[in-house]
Amino acid sequence: MSDPHDADAVRASLAAIASLLAPAHPAVAGEVLRAHDSPHAYVSAFGDRLADRGIDEPVDNLAWIALIDALDAHGLLAEFDWKEDAQEVRDQLRRLESRPSADPWVLFEAEEMLLPTERFLHACGRRYREIGAALAVLDIESDCYPVVGLRAVRADELTALAARAGFPVQHLGTDRRRP
């Protein structure tokens, strides 16, 4: 059995991540904490959403999946297939509520739009960094990329909180990836 203090630290980290990525949407933290505290109730309440992921009962990373789904529902996350078209990636990133106020797309070169998905996402991350923003993948160990945007100065905070909660984050456009 796990130490209850560890569960408290995970819970606090998940709440802090939700607040960091969705400061204007407290419902995101509510969903994440519900998934953490009452996984069966969460699965029952969000069964339709979870069915799209093939989840019909609590799983170990349910709170992380709840975070991703809640961020997506509030326009704060874009989820890309491993073979997504660069234009689709661009369109979805432009629709994010957390997009930077300066347009990083003016920095892109035509050749970058021809890159495969993973390399294009890293190019996006580099361009976002140039204007003080960051892109991060909330890794769910799948063939997709759940991507969030945030201010670059908060990227290390996200990584530290995710590590404390036991979930991996990959910063796009950098070599940083931590569990």
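All residue numbers in this chain count up from 1 along the given sequence. None of these values were measured; they are calculated from a predicted model.
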Chi angles and distances behind the side chain to side chain contact (heavy atoms under 4.5 Å, CB included) call for Val147, Glu79: CA-CA 6 Å; Val147 176; Glu79 195 164 350; over 6 Å; no
Glu57/His40 under side-chain hydrogen bond (donor to acceptor under 3.5 Å, both in side chains): CA gap, chis, key distance, verdict: CA-CA 7 Å; Glu57 61 185 41; His40 288 286; over 6 Å; no
In terms of hydrophobic clustering (I, L, V, M, F, W, Y; side-chain heavy atoms under 4.5 Å; direct or indirect links), are [X] and [Y] co-clustered?
| X | Y | answer |
| --- | --- | --- |
| Leu33 | Val10 | no |
| Ile140 | Tyr42 | yes |
| Val89 | Leu96 | yes |
| Met113 | Leu93 | yes |

Mind listing the closest non-hydrogen atom pair of [X] and [Y] along with its distance?
| X | Y | answer |
| --- | --- | --- |
| Val148 | Leu77 | CG1-CD1, 3.6 Å |
| Ala162 | Val169 | CB-CG2, 3.3 Å |
| Ala18 | Val28 | CB-CG1, 4.0 Å |
| Ala41 | Arg34 | O-NH2, 3.7 Å |
| Leu158 | Ala136 | CD2-CB, 3.9 Å |
| Arg126 | Gly173 | CG-O, 3.4 Å |

Quick one: pull up [atom1] in [X] and [atom2] in [Y] and give me the separation to the nearest 0.5 Å.
| X | Y | atom1 | atom2 | result |
| --- | --- | --- | --- | --- |
| Arg99 | Glu97 | CZ | CD | 8.0 Å |
| Phe120 | Glu88 | CZ | CD | 11.0 Å |
| Arg119 | Leu114 | CZ | CG | 10.5 Å |
| Leu14 | Arg164 | CG | CZ | 11.5 Å |
| Leu161 | Ser19 | CG | OG | 9.5 Å |
| Arg95 | Leu76 | CZ | CG | 14.0 Å |

Glu112 vs Arg127, salt bridge (charged side-chain N to carboxylate O under 4.0 Å, His left out): CA-CA, chis, key distance, verdict: CA-CA 11 Å; Glu112 289 175 309; Arg127 297 303 184 192; 3.1 Å; yes
Distance-only polar pair, side chains of Glu31 and His36, donor-acceptor under 3.5 Å: no
Chi angles and distances behind the side chain to side chain contact (heavy atoms under 4.5 Å, CB included) call for Leu50, Val43: CA-CA 7 Å; Leu50 294 169; Val43 169; 3.9 Å; yes
Derivation and outcome, side chain to side chain contact (heavy atoms under 4.5 Å, CB included), residues Trp82 and Thr117: CA-CA 6 Å; Trp82 68 275; Thr117 305; 5.7 Å; no
pair Lys83-Glu118: side-chain heavy atoms closer than 4.5 Å: no
Those residues that, when tested against Phe80, pass ring pair (Phe, Tyr, Trp, His ring centres under 6.0 Å) (two or more places apart): none
Leu172 vs Val137, side chain to side chain contact (heavy atoms under 4.5 Å, CB included): CA-CA, chis, key distance, verdict: CA-CA 7 Å; Leu172 295 169; Val137 175; 3.8 Å; yes
Within 6.0 Å of CG in Asp48, more than 12 heavy atoms from elsewhere: no
Under the side-chain contact (heavy atoms from CB on, under 4.5 Å) test, residues paired with Ala12 that sit two or more places apart: none
Would you list the atom pairs, donor with acceptor, under 3.5 Å between side chains in residues 58-72 and any protein atom, with sequence neighbours excluded?
unit_1: Trp64; atom_1: NE1; unit_2: Asp139; atom_2: O; d: 3.0
unit_1: Asp69; atom_1: OD1; unit_2: Arg53; atom_2: NE; d: 3.0
unit_1: Asp69; atom_1: OD1; unit_2: Arg53; atom_2: NH2; d: 2.8

